[in-house]
Amino acid sequence: MTRTLATETVAKIGEQVLIKGWVNARRDHGKIVFVDIRDRSGVVQVVGKTDLGDLRPEDVVYITGLVKKRPDNLVNPELATGTVEVAAEKVEVVSKAEELPFDMGQETLEVELPTLLDYRALTLRHPKVQAIFKVQEVVIDSFRKAMQAKDFMEFQAPSIISSAPEGGAEIFEVKYFDHKTYLAQSPQLYKSLLVGDFERVFSVNKVFRAEPSVTTRHLTEVVSLDAEFGFIDSWVEVKDMAEYAIKFILAEVEKKCAQELAMFGISVPKVADEIPHLKLREAQEIIFQRTGRDCRQEKDLAPEDEREICKWSLEEKGSDLVFVTHYPTRARPFYTYPDDKDPEFNQGFDLLGRGVEWLTGGRRIHDYQTLLAHAKEWGVSPENIQIYLQAFKYGMPPLGGFAFGAERITMLTLGLGNIREATMFPRDMERVDVRLSTIQK
RNA sequence: GGGGCCGUGGCGCAGUUGGUUAGCGCGCUUUCCUGUCAAGAAAGAGGUCGCGGGUUCGAGUCCCGUCGGCCCCGCCA
């Protein structure tokens with residue numbers, strides 16, 4: 001007999017089926033026993049005699065039985081398969097589970113972060129935990145679809161690089177035969193140079209940052225959603241493309257993940273018809289006006305300021321998302337394009353949402369001589385970025401691009417408190433599946 | 001790298017101004033129960049309070065050290 005998935009039972013009333021899955025819960029009434037069986041489609045109730053009484057949570061079972069329509073008074077409206085149940089005839093335990101370290105039967109898995117991650121193979125079975133990664137899948141998939149719809153070509157960026165394009169402190173060194181190489185902290189230089197070859201490119205890949213920071217929003221290994229394109233008239237076009245992408249992504253999440261969002265009791269971030277954008281100095285002025293906190297000379301917004309400007313955006317503009325543009329030129333990498341009117345500030349931007357950065361982007365310098373001059377001024381040796389410079393030496397259109405953090409979009413869309421929850425196997429300074437401080441002893 | 005907080009049975013927590021046998025919920029074991037869907041009921045097992053030292057007649061409860069964890073800041077996606 002071929003397997004029937006849990007949710008397929010509703011269409012098979014009166015039929016004999018074979019259900020394969022995990023025991024989600026067992027309710028033993030003595031002469032009658034109920035067992036919820038979970039598979040990738042969902043959960044269905046199996047009803048039977050005492051032979052179901054020995055089943056324990058997470059046992060893998062094959063159950064043959066008859067699908068029965070439940071009487072009206074026994075329908076469970078909370079369950080997608082609540083109108084039916086499977087009357088067990090044969091029960092086979094394929095794999096017996098040991099006693100669980102915590103209760104998996106709760107609607108919300110009530111464990112602390114270390115427990116959640118220490119038992120990752122197990123906690124990933126919980127429906128609400130799975131919902132996080134369903135959302136993440138849609139985020140990444142819809143980024144691809146958004147860029148493809150705009151004629152961008154996906155490419156594979158290298159992870160092993162020979163020099164650090166954006167400063168050196170936060171980069172992992174890699175032993176590479178007899179040479180010193182690094183893990184890429186961004187596909188930046190590659191996506192930019194590829195604009196000289198393909199005009200419009202994007203990539204979905206891991207980037208690595210050796211920043212010694214342990215916060216709720218930093219990881220050492222993250223999924224970067226990158227895009228870059230040429231023949232732009234101004235940085236505004238780059239911002240608009242990023243805006244298009246995130247609107248597309250959030251609309252897809254809203255459409256495809258209604259159930260998942262409901263589990264977290266949250267809706268996708270509110271986006272205004274046009275996402276508000278303001279210069280860093282304007283943002284700082286607003287913060288000063290609203291809070292009296294004077295950060296007007298700072299080169300960036302502190303986390304507290306980011307939260308405040310997001311609050312402002314939601315209250316005044318009805319948007320959870322807000323662009324902050326024109327950061328001090330010296331505070332950004334050598335390739336960012338200084339503003340024509342005010343070269344102290346550049347044509348770059350961040351997208352903030354629900355208090356945290358989602359994206360960084362901007363226009364890049366396309367003129368070869370200017371780029372060379374900037375590289376030198378920034379202390380970047382031209383020999384180290386030869387492959388990059390080559391693209392600009394032989395004709396490069398005006399260009400720009402942006403990069404989203406996939407885990408951050410997931411985290412903030414669902415309102416999670418820690419980015420590690422939005423990562424299946426998070427890497428940070430103190431954890432690589434196991435806690436490093438524990439195994440070093 | 002700087003600062004704050006925390007560490008009590010498998011999990012999540014409570015333990016008043018230090019004072020007799022350390023509590024609760026979930027889970028676990030046994031029993032009862034034919035309609036539950038976080039099933040219910042009854043009984044039971046399981047901790048000496050991260051570790052080391054100190055103060056005290058007496059410490060989970062105060063002090064020092066140590067190990068571990070969480071959060072905030074710097075930096076960023």
Side-chain angles (χ1 to χ4, degrees), chain A residues 24-37 43-50 52-53 56-57 68 70-71 73-79 81-82 85 87 98-119 122-123 166-167 169-170 185-186 188 206-226 298-307 331-332 350-353 356-361 402-412 417-420 422-423 429-431 435-438 440-441:
Chain A
N24 209 48
R26 181 203 44 165
R27 295 176 291 281
D28 190 343
H29 291 234
K31 296 266 188 326
I32 184 169
V33 181
F34 302 97
V35 176
D36 292 339
I37 302 300
V43 168
V44 67
Q45 172 169 284
V46 172
V47 58
K49 301 270 170 56
T50 48
L52 293 178
R56 289 293 178 277
K68 289 181 173 169
R70 296 200 205 180
N73 60 320
L74 296 179
V75 164
N76 181 357
E78 302 292 312
L79 197 63
T81 59
E85 63 188 2
E98 284 189 14
E99 184 187 328
L100 305 183
F102 39 78
D103 185 10
M104 291 277 287
Q106 314 265 320
E107 250 175 69
T108 297
L109 193 56
E110 279 170 19
V111 296
E112 294 221 307
L113 189 64
T115 309
L116 180 80
L117 299 177
D118 286 347
Y119 289 94
L122 187 57
T123 55
E166 322 200 13
E170 68 285 1
Q185 85 224 109
S186 159
Q188 181 59 48
K206 289 290 183 68
V207 297
F208 306 90
R209 305 197 174 172
E211 291 170 47
S213 46
V214 183
T215 77
T216 50
R217 58 192 188 283
H218 287 91
L219 295 167
T220 56
E221 179 179 342
V222 306
V223 176
S224 184
L225 309 175
D226 276 83
E298 299 297 322
K299 62 184 175 65
D300 200 353
L301 296 177
E304 193 182 4
D305 302 328
E306 295 181 335
R307 286 191 286 272
R332 293 279 166 121
D350 280 358
L351 178 65
L352 309 182
V356 179
E357 274 179 45
W358 289 40
L359 162 147
T360 293
F402 51 84
F404 289 98
E407 290 88 350
R408 283 204 181 169
I409 297 178
T410 311
M411 166 195 182
L412 293 158
N418 193 309
I419 198 165
R420 286 158 191 77
T423 313
M429 209 177 149
E430 284 154 7
R431 177 185 293 274
R435 294 181 220 177
L436 294 170
S437 49
T438 308
Q440 275 169 353
K441 284 189 293 186

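A note on names: the letters A, B, ... follow the listed sequences, proteins ahead of strands, and every chain is numbered from 1.
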Watson-Crick or G-U wobble partner of rC76(B), both distances under 3.5 Å
none
Could you give the CD-to-C1' distance, from E407(A) to rA77(B), as a whole number of Å?
8 Å
The nucleotide from rC70(B), rC72(B), rA77(B) with an atom nearest the side chain of P114(A) is rC70(B)
In whole Å, what separates the P atom of rC63(B) from that of rU17(B)?
14 Å
Distance, P atom - from rG69(B) to rC11(B), rounded to whole angstrom:
15 Å
Watson-Crick/G-U partner (both atom distances under 3.5 Å) of rG35(B):
none
Looking at R56(A), does any N or O in its side chain come under 4.0 Å of the phosphate oxygens OP1/OP2 on rU29(B)?
yes
Is there a donor-acceptor pair closer than 3.5 Å between any side-chain N or O of T123(A) and the backbone N or O of L116(A)?
yes
F102(A) CZ - rC28(B) P separation (whole Å)
13 Å
Is the side chain of T108(A) donor-acceptor paired with the backbone N or O of E110(A) at a distance under 3.5 Å, no angle test?
no
Look at the side-chain N and O atoms of T115(A) and state whether any lies under 4.0 Å from the OP1 or OP2 oxygen of rG12(B).
yes
Take atom C1' in rU20(B) and the same atom in rC67(B), then report the distance between them in whole Å.
33 Å
Please determine if a side-chain N or O atom of R435(A) lies less than 4.0 Å away from the OP1 or OP2 oxygen of rC67(B).
no
Let me know the distance between CD of E306(A) and C1' of rC72(B), rounded to the nearest Å.
14 Å
A302(A) near the nucleic acid: base, sugar-phosphate alone, or nothing, with a heavy-atom cut-off under 4.0 Å?
sugar-phosphate
From CG of L117(A) over to C1' of rC11(B), roughly how many Å is that when rounded to an integer?
15 Å
Any idea which of rC71(B), rC11(B), rC28(B) is nearest the V111(A) side chain?
rC11(B)
Taking rG27(B), rC11(B), rC76(B) as options, the one with an atom nearest any side-chain atom of E357(A) is rC76(B)
Does T81(A) reach the main-chain N or O of V43(A) with its side chain, forming a donor-acceptor pair under 3.5 Å?
yes
D350(A) CG to rC75(B) P, straight-line distance once rounded to whole Å
13 Å
Whom does rU55(B) pair with, Watson-Crick or G-U wobble, provided both distances fall under 3.5 Å?
none
Taking any heavy-atom pair under 4.0 Å as a contact, classify S224(A): base, sugar-phosphate, or nothing.
nothing
Between K206(A) and E221(A), is the closest basic N to carboxylate O distance under 4.0 Å?
yes
Is the backbone of Q188(A) close enough, under 3.5 Å, to the side chain of S186(A) for a donor and an acceptor to pair up by distance?
yes
Look at all strands and tell whether E298(A) reaches a base, only sugar-phosphate, or nothing, counting heavy atoms closer than 4.0 Å.
nothing
R217(A) (side chain) and rA77(B) (base): donor-acceptor pair under 3.5 Å:
no
Using the P atom in both, what is the distance from rG1(B) to rA59(B), to the nearest Å?
38 Å
Please state how far atom CG in L351(A) lies from atom P in rC76(B), giving the value in whole angstrom units.
17 Å
Under 4.0 Å protein heavy-atom contact, by nucleotide of nucleotides 31-43 of chain B - B base, S sugar-phosphate only
--BBBBBBB----
Both distances under 3.5 Å, Watson-Crick or G-U wobble: report the partner of rU29(B), or none.
rA43(B)
Pairwise P distance for rG15(B) and rC37(B), with rounding to whole Å:
32 Å
With a 3.5 angstrom cut-off on both distances, give the Watson-Crick or G-U wobble partner of rC70(B), or none if there isn't one.
rG4(B)
Is the side chain of T115(A) donor-acceptor paired with the backbone N or O of V111(A) at a distance under 3.5 Å, no angle test?
no
Any Lys/Arg nitrogen of R27(A) or D36(A) sitting under 4.0 Å from an Asp/Glu carboxylate oxygen of the other?
yes
When you get a sec, tell me which of rC71(B), rA77(B), rC73(B) is the closest nucleotide to the side chain of T216(A)?
rC71(B)
Considering every strand and a 4.0 Å limit on heavy-atom distances, what is the contact class for K299(A): base, sugar-phosphate, or nothing?
sugar-phosphate
Judged by atom type as modelled, is there a donor-acceptor pair below 3.5 Å linking the side chain of R408(A) to the main-chain atoms of R217(A)?
yes
Taking for each residue the nucleotide of RNA chain B with the nearest heavy atom, is it P101(A) or P57(A) whose nucleotide lies nearer the 5' end?
P101(A)
Shortest side-chain distance from P303(A), nucleotide among rC70(B), rC75(B), rA77(B):
rC75(B)
Taking R435(A)'s backbone N and O only, do any of them form a donor-acceptor pair with R431(A)'s side chain (distance below 3.5 Å, no angle check)?
no
Expressed as a whole number of Å, how far does the C1' atom of rG46(B) sit from that of rA38(B)?
23 Å
With rounding to whole Å, what would you report as the distance between rC24(B) and rU36(B) at their C1' atoms?
26 Å
In whole angstroms, the gap separating C1' of rG1(B) from NE2 of H218(A) amounts to 14 Å
Can you check whether L352(A)'s main-chain N or O pairs, donor with acceptor, with W358(A)'s side chain at less than 3.5 Å?
no
How is I409(A) classified with respect to the nucleic acid when contacts are heavy atoms under 4.0 Å: base, sugar-phosphate, or nothing?
nothing
Nearest whole Å is fine: how far is rC11(B) P from L122(A) CG?
13 Å
Taking only the P atom of each, what is the distance from rG9(B) to rA22(B) in whole angstrom?
14 Å
